[in-house]
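Read the structure below first, then the notes.
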There are 2 protein chains.
Amino acid sequence: MASIKDVAAEAGVSVATVSRVLNDHPSVSDDARTRVLAAVEALGYRPNAVARSLRTDQTRTLGLVISDVLNPYFTELARSVEEEARALGYSVIIGNADERPELQDHHVRTLLDRRIDGLLVSPTDGGSPGMLDAARAGTPMVFVDRWIPGLDVPVVRADGRAAIRDLVAHLHGLGHRRLAIIGGPAATTTGSERVAAFRDALAEYGIPLPDVYIGQGDFQVESGRRVTEGFLDLPEPPEVVFAADNLMALGALDAVRARGLRVPEDLALAAFDDIRWFVHTDPPITAIAQPTGELGRAAVRALVDQIEGRPPPSVTLPARLVVRRSCGEPGEPGTSSSPVRRSQS
Amino acid sequence: MASIKDVAAEAGVSVATVSRVLNDHPSVSDDARTRVLAAVEALGYRPNAVARSLRTDQTRTLGLVISDVLNPYFTELARSVEEEARALGYSVIIGNADERPELQDHHVRTLLDRRIDGLLVSPTDGGSPGMLDAARAGTPMVFVDRWIPGLDVPVVRADGRAAIRDLVAHLHGLGHRRLAIIGGPAATTTGSERVAAFRDALAEYGIPLPDVYIGQGDFQVESGRRVTEGFLDLPEPPEVVFAADNLMALGALDAVRARGLRVPEDLALAAFDDIRWFVHTDPPITAIAQPTGELGRAAVRALVDQIEGRPPPSVTLPARLVVRRSCGEPGEPGTSSSPVRRSQS
DNA sequence: ATCCTCCATGTAATCGATTCCACGAGGAGG
DNA sequence: CCTCCTCGTGGAATCGATTACATGGAGGAT
């Protein structure tokens with residue numbers, strides 16, 4: 001592969017001049033410029049990004065460490081991150097942690113070894129050693145979606161509290177009184193926060209959230225299934241299950257179907273994270289939608305601000321409730337096909 | 001950030017010795033080794049991958065250019081690729097082409113500039129200039145899923161022909177005679193091949209595939225919807241629609257629902273590419289499953305073979321039919337709720 | 001005791017860029 | 001006509017690693 005030396009030889013100038021042309025430095029004669037450009041064309045020369053990075057100490061690359069690529073929420077996030085980064089002249093390298101702390105650490109370390117300019121993380125656990133070191137060492141870093149309390153790192157996320165209040169209002173309006181939640185891992189902020197917000201919202205209606213109605217999931221389909229089965233086995237099962245992410249909601253749906261029960265008649269269902277597939281399930285699932293694309297873009301902007309020496313903002317965007325049919329129909333008494341359960345509340 | 005020089009100084013040896021310890025070269029005294037290791041530990045030293053790559057002319061990085069990250073098929077592929085690559089000591093950089101040739105070209109170019117060791121591509125179009133150049137220049141390269149005919153590049157893919165024959169047999173057995181297909185872009189191999197295989201399979205039953213039953217999609221949800229609406233508007237609409245990818249199948253499902261029709265009673269539906277969500281739709285969708293994970297792993301192995309100088313194999317794995325309920329029930333006359341259409345065949 | 005071999009180590013070149021510094025030519029001003 | 005500036009250019013250092021080659025000392029064979 002042709003190097004800058006070959007171009008210099010071909011154009012009959014020094015490597016310094018070639019470099020100047022390539023970085024359009026002002027003091028280059030038109031004559032030299034055209035000869036260099038011709039040589040570049042003739043040789044099909046492309047600058048070696050590795051060499052350039054070594055010299056300039058910047059890679060124009062961002063690292064993105066997400067918790068689970070198979071989760072549509074994160075792939076959408078990844079897409080918007082790449083898009084915005086590209087617009088700002090950066091590339092993105094994605095690391096998939098698969099919700100496993102040691103894999104997260106592997107990726108953080110690998111990315112740092114490659115001397116990425118900045119790191120975008122949605123931390124899987126309470127903070128792996130590698131990540132904490134990086135944060136303390138001053139590596140430009142921004143948390144997206146989830147974060148680690150106590151670190152001086154900007155956070156870009158959605159605030160779901162208002163939307164959760166709306167959801168509870170919606171559920172209460174439909175007559176539901178026994179509400180359960182499938183939470184995420186306690187080590188993640190999104191895992192614990194959503195449960196707290198749900199409890200607070202219920203409290204406003206004087207509805208308690210007993211421990212048996214708090215399921216412990218791990219943001220994966222299987223855990224949603226398992227927890228829901230537990231709920232259904234309860235002497236007094238809940239009327240509604242609210243899953244703290246979309247995959248667990250699908251697991252819940254599956255568990256309900258497996259018993260030959262129906263949503264929403266036998267058990268209503270709602271989810272955090274709206275994804276396009278929820279429109280196509282039966283019934284369409286009521287969900288809380290995050291402004292995922294905007295989140296990704298804001299995170300990139302914050303990170304690039306930090307990299308380029310501007311003060312990076314923390315950003316919190318509102319999530320919003322999207323009502324579909326999985327909790328019952330608003331107009332009619334809705335859950336009319338199972339009047340027994342409903343009437344007792 | 002500490003460099004190898006700092007480590008050398010701290011340990012009281014030369015940089016050469018440090019490098020030898022790090023690459024566990026045999027001739028280093030135990031004494032020197034322990035001192036170096038201690039210094040590495042004390043300084044939190046991590047080798048600079050950029051500098052190493054420049055010197056060794058290898059990055060131990062693979063590029064993966066896929067057509068659409070939002071398509072679950074490709075995210076699953078990406079996951080298995082990263083997994084296998086990691087096992088073999090390589091990292092992966094993903095480029096999302098979003099089914100746009102110019103974006104594909106951008107990513108190929110960027111990846112090549114970074115001097116990745118090899119390229120895994122699922123080409124969006126007939127081959128962008130950058131990719132063709134790379135292939136001809138001898139960059140280690142492997143095509144996954146889709147490929148470009150006429151290039152001497154190994155291809156790792158699934159052969160769906162047998163599965164499509166099974167599907168047609170299944171449909172024929174259920175009494176369906178008017179079968180339509182939503183194909184992908186003609187520029188992609190998977191776009192045209194699946195249509196051809198479908199036509200061949202139909203021919204075995206003496207069933208023609210008229211042009212009006214061949215829809216032109218682009219592997220996106222919206223095109224599935226559009227084409228299906230066209231089918232439904234036909235004077236004699238098909239009894240079955242076979243979508244050449246999962247997103248178009250969802251679009252089709254959507255179009256059917258929007259008219260208040262039912263699957264499979266009013267229109268049966270099948271898809272190429274099985275994804276986990278198909279189990280959760282109503283009805284669960286009959287699909288042709290590719291061995292996606294195995295495909296990704298085989299592709300990585302072929303690419304690494306090529307990189308490390310071994311002859312890379314082309315691999316073709318069989319796809320298989322997964323029967324669910326979207327085409328009617330096997331046991332009963334199945335589509336009994338619309339006996340009219342069925343009886344006329 | 002002498003010589004050869006082998007091992008541990010250091011010196012320095014190298015990868016492909018960027019960039020500081022020096023230098024010569026040419027124009028402007030005195 | 002001399003001086004000073006500006007401009008275009010090239011030489012060479014540099015980034016952080018790897019590695020060929022040189023060197024010196026220890027130990028074994030004769």
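Values reported hereafter were calculated over all heavy atoms of this structure, with side chains retained and with hydrogens, waters and symmetry mates removed.
Judged by closest nucleotide on DNA chain C, B:T56 is the one of A:V15 and B:T56 placed further toward the 5' end. With the nearest nucleotide of DNA chain C identified for both B:R33 and B:L54, B:R33 has the one nearer the 5' end. Sequence order on DNA chain D of the closest nucleotides to B:A51 and A:S27 puts A:S27 first from the 5' end.
Distance A:Q58 CD to C:dT18 C1': 11 Å, rounded to the nearest Å. Taking atom CG of B:D31 as the reference point, atom C1' of C:dT9 lies 12 Å away to the nearest angstrom. Atom pair B:I4:CD1 and C:dT9:C1' shows a separation of 14 Å (rounding to whole Å applied). Rounded to an integer number of Å, the gap from B:H25 NE2 to D:dA20 C1' is 11 Å. As rounded to whole Å, 17 Å separates atom P of C:dG16 from atom CZ of A:R46. Here the P atom of nucleotide C:dC20 and the CZ atom of A:R20 are 10 Å apart, to the nearest Å. With rounding to whole Å, B:D57 atom CG is found 7 Å from C:dG16 atom P. In this structure, A:R55 places its CZ atom 16 Å from P of D:dA17, rounding to the nearest Å.
A:N23 comes within 4.0 angstrom of sugar-phosphate atoms only, judged by non-hydrogen atoms across all strands, and of no base. Nucleic acid contact class of A:S19 (heavy atoms, under 4.0 Å, all strands): base. Residue A:V13 is in sugar-phosphate contact alone, with no base atom involved, counting any heavy-atom pair closer than 4.0 Å across all strands shown. Using a 4.0 Å heavy-atom distance criterion, A:V18 is classed as making no nucleic acid contact. In this structure, A:S3 reaches the sugar-phosphate backbone alone: every heavy-atom distance under 4.0 Å involves primed, P, OP1 or OP2 atoms, never a base. No engagement by B:A49 is indicated, since no non-hydrogen atom pair under 4.0 Å with the nucleic acid exists.
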* Test side-chain hydrogen bond (donor to acceptor under 3.5 Å, both in side chains) on B:S53 and A:R114 and set out the steps. => CA-CA 10 Å; B:S53 294; A:R114 294 174 169 253; over 6 Å; no

* To do: Could you walk me through whether B:R79 and A:D98 pass the salt bridge (Lys or Arg N to Asp or Glu O under 4.0 Å) test, one step at a time?
  => CA-CA 9 Å; B:R79 181 172 187 270; A:D98 248 344; 2.8 Å; yes

* So A:D113 and A:R109, salt bridge (Lys or Arg N to Asp or Glu O under 4.0 Å) or not? Walk me through it. -> CA-CA 6 Å; A:D113 285 355; A:R109 228 177 280 280; over 6 Å; no

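With D:dG11, C:dA17, D:dT9 as the choices, the nucleotide that has an atom nearest any side-chain atom of A:A16 turns out to be D:dG11.
Taking 4.0 angstrom as the limit, A:S29 places a side-chain polar atom (N or O) nearer than this to OP1 or OP2 of D:dT9.
Between A:E294 and A:R297 there is a salt bridge, since a side-chain N of the basic residue sits under 4.0 Å from a carboxylate O of the acidic one. For B:D305 and B:R301, the salt-bridge test fails: no basic side-chain N is under 4.0 Å from an acidic carboxylate O.
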